[in-house]
Amino acid sequence: MLQLNVIREQKDQVIERLKVKNFDAAAIIEQVYNLDADRRRTQNESDNLLAESNQLSRQVGDLMKAGKKAEADDLKNKSGALKESIAKLQQQLAAIEEEQQQLLVQVPNMPSEKVPAGRTPEDNEVVFSHGELPQLPDSAKPHWELAEQYGLIDFELGVKLTGAGFPVYKNKGARLQRALINFFLDRATAAGYIEIQPPVLVNKDSGFGTGQLPDKEGQMYHVTLDDLYLIPTAEVPVTNIYRDVILDTAQLPVKNCGYTPCFRREAGSYGKDVRGLNRLHQFDKVEIVQVAHPEKSYETLEEMREYVAGLLKELELPFRTLKLCGGDMSFASALTYDMEVYSGAQKRWLEVSSVSNFESFQSNRLKLRFREGKEKPQLAHTLNGSALALPRIVAALLENNQGENGIRIPKALVPYTGFEFIN
RNA sequence: GGUGAGGUGGGUGAGAGGCCGAAACCAACAGUUUGCUAAACUGUCAUACGGGUUAAACCGUAUCGAGGGUUCGAAUCCCUCCCUCACCGCCA
């Protein structure tokens, strides 16, 4: 959520910047701006009347104590008259605030100045690439065939148990999952991230805090009986740890990581793109989250990007880093890097990580602040990134490393899998 | 699921219609004292919004789990809801 004072002071710049996200904010921002003036005027009036009323009450108390009942009754009547106008003003105020909030939550975060303009994924900027694209023979198989051939993943069984998009991992497939999770967590904790094991069901407040609610209600599985949501990413619980928290500057940056299964309804996606592991309803992911000082958050973003790149190098996967254009960025992000690995048999790039700086967009919703000495608390910046999401990593590993002896496990992973080949 | 107790500032916890944004203690911070540390002493120590200011100071309002009600006036009385804890039941 954008900060009101930013809209108040830089209305036109806000509208201008949001155009980079292809969001026409003029009408809505203008409305928020006007409501803000209304709100302040109304609060001022209301506060003044309340002050008057409070003073009357104090006088009544004094008069009662002094035994001057008649005079007290007089003031009581006066106070009663005030009450009506106060109630009316407060109703107005509440209505204005409600309307303003309702508009404000619809406005996406402003993209950083570094964000390139653009509408589609084609407009994303490749800022880094690493590794040679694998040259596979024509007989190379896509990962879903390999998974079946080696008995690693049973998609059909998942359909039986749950439905499409809920694969069952078996044997070395299951072991590979566990190896990757441990590998990612070990690397993250070695890099200074504190390991968190959060709940995978969250309440509405948490969903709102990180921006999933109300905007993306349909993306999450909703357990209506208890009004809880299955998390689409560990970002939600791990960031919400700091909801309504005021940190001390010395505590920054906060670095947390966590492994969780992630659940996404992915309503409306079908077809070739979602074949095999490419897009699932349930998948595993290790997430890294940081809470940073506003002046340092872009340094932090680069650090996180480097960190994720390091993981991909260790896994010996060819990858590229994209700086997302305005049109392809998420609602809450100010700047996002996507990391894509090349999947040799499908011959396509697969997104395996998204590293974003949300600046104060989430913290404004979360009321996540920090205090510098005796200064007033100010909003911190939040960042997060996948490090990493498993399914597409598995897809690329299987496809790129297939050979006559089976599928080769990258060296860094062998201590975790306990085997060098899947055959 | 049943029964009971309870939700007050960073923590413990007092307050039971006006003198209460809230005692006291602990923690934290600043200072005095001190060879250093400790101790002792003094002071500071919630947040949001509005007004005000170059910025502060300062002023106003709201907030004692949430929402409603009674009253001139509510942390305090009443109602509803939520949550936590304890015991019982069930159970990984």
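Every chain is numbered from 1, with letters handed out A, B, ... down the list of sequences.
- Taking the centre of each ring, A:H293 and A:F370 come in below the 6.0 Å mark.
- In this structure a side-chain-to-backbone donor-acceptor pair under 3.5 Å is missing from A:Y259 to A:E195.
- Although no hydrogens or angles enter the test, the distance criterion places no donor-acceptor pair under 3.5 Å between the side chain of A:D226 and the main chain of A:L228.
- Taking a pair to require two hydrogen-bonding distances under 3.5 Å in either a Watson-Crick or a G-U wobble arrangement, B:U76 remains unpaired.
- When both distances must be under 3.5 Å, the Watson-Crick or G-U wobble mate of B:G60 is B:C49.
- A:S333 places a side-chain N or O within donor-acceptor distance of the main-chain N or O of A:L335, the cut-off being under 3.5 Å.
- With a cut-off of 3.5 Å on both Watson-Crick or G-U wobble distances, the partner of B:A39 is given as none.
- Taking the centre of each ring, A:F155 and A:F166 stay at or above the 6.0 Å mark.
- The base-pairing partner of B:A55, taking Watson-Crick or G-U wobble contacts with both distances under 3.5 Å, does not exist among the strands shown.
- As a whole-Å value, the separation of A:D244 CG from B:U63 P is 18 Å.
- With RNA chain B read from its 5' end, the first of the two nearest nucleotides for A:R41 and A:Q55 is the one closest to A:R41.
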Using a cutoff of under 3.5 Å, can you pull out all pairs of nitrogen or oxygen atoms linking the protein to nucleotides 18-20 of chain B, with atom names and distances?
from, atom 1, to, atom 2, distance (Å)
B:G18, N2, A:S57, O, 2.6

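- Aromatic ring centroids of A:F361 and A:F331 lie under 6.0 Å apart.
- The interatomic distance linking A:D226 (CG) with B:G1 (P) rounds to 9 Å, in whole Å.
- In this entry B:U12 has B:A24 as its Watson-Crick or G-U wobble partner, both defining distances falling under 3.5 Å.
- Of all nucleotides present, only B:C88 satisfies the Watson-Crick or G-U wobble test against B:G1, with each distance under 3.5 Å.
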